[in-house]
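All chains are named by letter (A, B, ...) in the order of the sequence lines, taking the proteins before the strands, and each is independently numbered beginning at 1.
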Amino acid sequence: MTDETQQPPDENKLIAERREKLKALRAGGVAFPNDFVPDAFAGDLQAEFADKERWGAEALEALGRRVRVAGRMLAKRQMGKASFAQLQDVTDRIQLFLQQAALGEAAYDAFKGYDIGDIVGAEGVLTRTKTGELSVKVDALRLLTKALRPLPDKWHGLADVEQRYRQRYVDLVVTEDARRVFKLRSRVIGFIRQWLEAAPRRFMEVETPMMHAIPGGATARPFVTHHNALDIDLYLRVAPELYLKRLVVGGFDRVYEINRNFRNEGVSTRHNPEFTMLELYQAYATYNEIMDITEGMIRETAQAALGRTALTWEGRDIDVGAPFKRWPMEQAVREMNPEIGEHELRDRDALARHCARLGIHVKPGYGRGKLLTELFEATVEASLIQPTFITQYPTEVSPLARANDADPGITDRFELFIGAKEIANGFSELNDPEDQAARFLAQVAAKDSGDDEAMHFDHDYIRALEYGLPPTGGLGVGIDRLVMLLADVPSIRDVLLFPYMRPEA
RNA sequence: GGGCCGUUAGCUCAGUGGUAGAGCAUCGGACUUUUAAUCCGUUGGUCGAUGGUUCGAGUCCAUCACGGCCCA
């Protein structure tokens, strides 16, 4: 027997008492019955009978509506021969009204032994109590699952954030706001799928590999894993981009994928090693149409998931209902840094001097595009509260984007910032196989000189481009960050059911 | 990686170098319309870990672990 199979070391008196109750349940028959079938949800009942004037106690008694509800018992108030309990299911809570006379003495005595946190099934007629609370007047009650561990304090809830993340199952039971956020997340993702697939957009959802022999599609360090049978290292994907564009080569003109990416980087309030990304590709579109799609999707998702486009995030008002500003990067940097002359924007040494003046740490290998991007991040990004597309990223920092026809130093690319956070990234795809091969070579050179985030050369991807990628626009949206914005929570951990945590000691 | 803060009963938290505390929960009792029910009584501790200073450490010091916030 290994350590992993030992009893948990945190046994205590409360658990011991409940184990005794479970022992008695086992002695009495099936301790974990699975034959109770509820026929109603608390939330549906609360909604249907919300009108207290129409559905007073008399009207409900006359209606005689029998329901079977099941859920976790979160409150228990005993008053001699009558008791109240609060049942919580996935939709909402509903009160149980239990009287010894209606339930029978044996069942009522059994109920006295139930603990907060137990999962119960109840059957009875709907009523409304003196204080106006919709309730089930229970005439049959069953303990479906005995909870051995006590729940946190019903009033203060679970305040220890570490325990909230590690034991999300407890957090979800007791923290209303956690349930709100994850229900919102589900609605957001569901709506986005539906919106993308609906006419006139007609995108098709696909699944591409999570394990890559050559990591690609983003400049990021990958996780490495190993395939034993083949004895080769594989990389968890940092982005699905190159596979999705292969599908466009294959004729799937409008594809999208919502799934996990993995990046071997630090953990922070904005970064988790695995995170969820939407990527989509539309043939015969440019980054301008992709900006339109991005803007429409976010606006309509907010409307669908929240019922409004006026948001509050981190105490700031953000309106995704108004048209999103589109602002070329060079122009933004110039406006926020009047002391940088227009002619200096394309002068590597001048940009390096400005970076030094502003205390921005740069490496000798940085070209003028990378330096401009550093200046942008240091002096512009924090001010981008309202939705803003920053356009025309330098070619140097955009190895997969199409160079601008009139100005090959920049690309037909944008990033969307909302609340000073990067939410989306999109561009007209680079479909010139010879240009792409040259860009890969530049990335390989950067990797050889020590940039471990630089990309690998993907020969098959070049081969695919050589068969012909139609002119295509692409988009990536950080779903976690979008949900953070819509849910008004400050940390990515609050929108991940199980955020990454170091193993417990 | 750096700075600051935190870790005490199941939960939420006090605790100023000198007997380990409170509220809720638990357990026992009363109570047939409660909403954090109420009332009476009761139990519950490896003070994150290790080492040090001290007559004496939850408290001071060091190291480590885990977490939070900020910075890179």
Side-chain angles (χ1 to χ4, degrees), chain A residues 8-21 42 46 52 56-58 60-61 73-88 92-105 108-109 111-118 124 126-139 146-168 170-171 173-176 265-272 314 358-363 374 377-378 381-382 420 489-494 499-505:
Chain A
D10 56 346
E11 288 283 326
N12 61 51
K13 195 181 130 190
L14 300 177
I15 295 175
E17 284 162 359
R18 292 180 178 216
R19 282 195 195 282
E20 283 304 311
K21 290 180 181 176
Q46 296 286 9
K52 288 188 184 182
E58 280 181 27
L60 282 168
E61 297 282 344
M73 188 173 76
L74 290 183
K76 187 185 174 198
R77 295 181 284 274
Q78 275 178 254
M79 252 141 305
K81 294 187 175 61
S83 293
F84 299 89
Q86 199 89 42
L87 209 66
Q88 174 171 281
D92 200 356
R93 298 181 181 186
I94 192 163
Q95 180 169 268
L96 305 182
F97 179 36
L98 307 117
Q99 292 167 296
Q100 191 191 59
L103 203 53
E105 200 168 333
Y108 191 77
D109 283 348
F111 165 74
K112 286 185 190 169
Y114 290 10
D115 291 297
I116 288 172
D118 286 353
L126 286 180
T127 185
R128 194 175 295 279
T129 59
K130 276 183 186 169
T131 51
E133 181 88 15
L134 182 69
S135 306
V136 180
K137 199 171 181 178
V138 179
D139 51 48
K146 183 72 196 165
L148 293 177
R149 289 175 180 268
L151 290 174
D153 184 297
K154 63 174 173 281
W155 187 243
H156 298 96
L158 196 52
D160 179 349
V161 289
E162 182 174 357
Q163 200 182 338
R164 289 189 53 207
Y165 299 149
R166 286 195 196 279
Q167 297 177 238
R168 186 66 90 182
V170 178
D171 185 40
V173 169
V174 301
T175 311
E176 167 76 37
E265 293 162 358
V267 178
S268 77
T269 50
R270 292 186 306 281
H271 299 87
N272 197 68
E314 304 273 77
L358 292 164
I360 300 168
H361 180 74
V362 301
K363 291 177 183 166
E374 292 286 329
E377 289 175 0
E381 217 176 276
V489 297
S491 171
I492 195 171
R493 296 182 198 104
D494 294 323
Y500 176 76
M501 302 286 278
R502 286 178 198 266
E504 286 181 83

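- Annotation: B:C13 and B:U42 have their P atoms spaced 27 Å apart (nearest Å).
- Base pairing of B:G1: its partner is B:C71, meeting the Watson-Crick or G-U wobble criterion (both donor-acceptor distances under 3.5 Å).
- For the pair A:K76/A:K154, no side-chain contact is recorded, criterion being any heavy-atom separation below 4.5 Å from C-beta on.
- Looking at which nucleotide of RNA chain B each of A:Q78 and A:F97 is closest to, the 5′-most match is held by A:F97.
- B:U8 and B:U50: their P atoms are spaced 15 Å apart (whole Å).
- A donor-acceptor contact under 3.5 Å links the side chain of A:Q95 to the base of B:U34.
- In this structure, A:R77 does not reach the B:U34 phosphate: none of its side-chain N or O atoms is under 4.0 Å from OP1 or OP2.
- When heavy atoms are screened at a 4.0 angstrom cut-off, A:K137 is found touching no nucleic acid atom at all.
- Using Watson-Crick or G-U wobble geometry with both donor-acceptor distances under 3.5 Å, B:A57 finds no partner in any strand shown.
- Here the separation of B:U46 from B:C24, taken at their P atoms, is 23 Å to the nearest Å.
- Contacts of A:G157 with the nucleic acid, taken as non-hydrogen atoms under 4.0 Å apart, involve only primed sugar atoms and P, OP1 or OP2.
- Residues A:H271 and A:I492 have side chains not in contact (no heavy-atom distance under 4.5 Å, counting atoms from C-beta outward).
- Remark: the separation of the C1' atoms in B:G21 and B:U16 is 15 Å, to the nearest Å.
- Between A:R502 and B:A65 there is no side-chain polar atom (N or O) within less than 4.0 angstrom of OP1 or OP2.
- Ring orientation note: the planes of A:F111 and A:Y108 are tilted relative to one another, at an angle of 30° to 60°.
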Check against side-chain hydrogen bond (donor to acceptor under 3.5 Å, both in side chains), A:Y165 and A:D160: CA-CA 9 Å; A:Y165 299 149; A:D160 179 349; over 6 Å; no
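- Under the Watson-Crick or G-U wobble criterion, with both distances below 3.5 Å, B:A65 is paired with B:U7.
- Proximity of A:R493 to the phosphate of B:C69: a side-chain N or O atom is located under 4.0 Å from OP1 or OP2.
- In terms of phosphate contacts, A:K81 brings no side-chain nitrogen or oxygen within less than 4.0 Å of OP1 or OP2 of B:C31.
- Taking 4.0 angstrom as the limit, A:K112 places none of its side-chain polar atoms (N or O) nearer than this to OP1 or OP2 of B:A30.
- B:G17 and B:C70: their P atoms are spaced 32 Å apart (whole Å).
- Comparing the C1' positions of B:G10 and B:G68 gives an interatomic distance of 23 Å, to the nearest angstrom.
- As a whole-Å value, the separation of A:K13 NZ from B:C27 P is 9 Å.
- Only the P atoms considered, B:G6 is 11 Å distant from B:G15, to the nearest whole Å.
- At a cut-off of 3.5 angstrom, counting only N and O atoms as typed in the model, there is a donor on one side and an acceptor on the other between the side-chain of A:Q99 and the base of B:U32.
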Verdict with supporting geometry, A:E17 and A:K21, side-chain contact (heavy atoms from CB on, under 4.5 Å): CA-CA 7 Å; A:E17 284 162 359; A:K21 290 180 181 176; 5.6 Å; no
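- At a cut-off of 3.5 angstrom, counting only N and O atoms as typed in the model, there is no donor on one side facing an acceptor on the other between the side-chain of A:D153 and the base of B:G10.
- Nucleotide B:U32 forms a pair with no other nucleotide shown, judged by Watson-Crick or G-U wobble geometry with both contacts under 3.5 Å.
- B:G51 and B:A65 are spaced 15 Å apart, taking the C1' atom of each and rounding to whole Å.
- No more than 12 heavy atoms of other residues, nucleotides or ligands lie within 6.0 Å of NZ in A:K363, so this atom counts as exposed by the packing criterion.
- For the pair A:A101 and A:K76, nearest-nucleotide mapping onto RNA chain B gives the more 5' position to A:A101.
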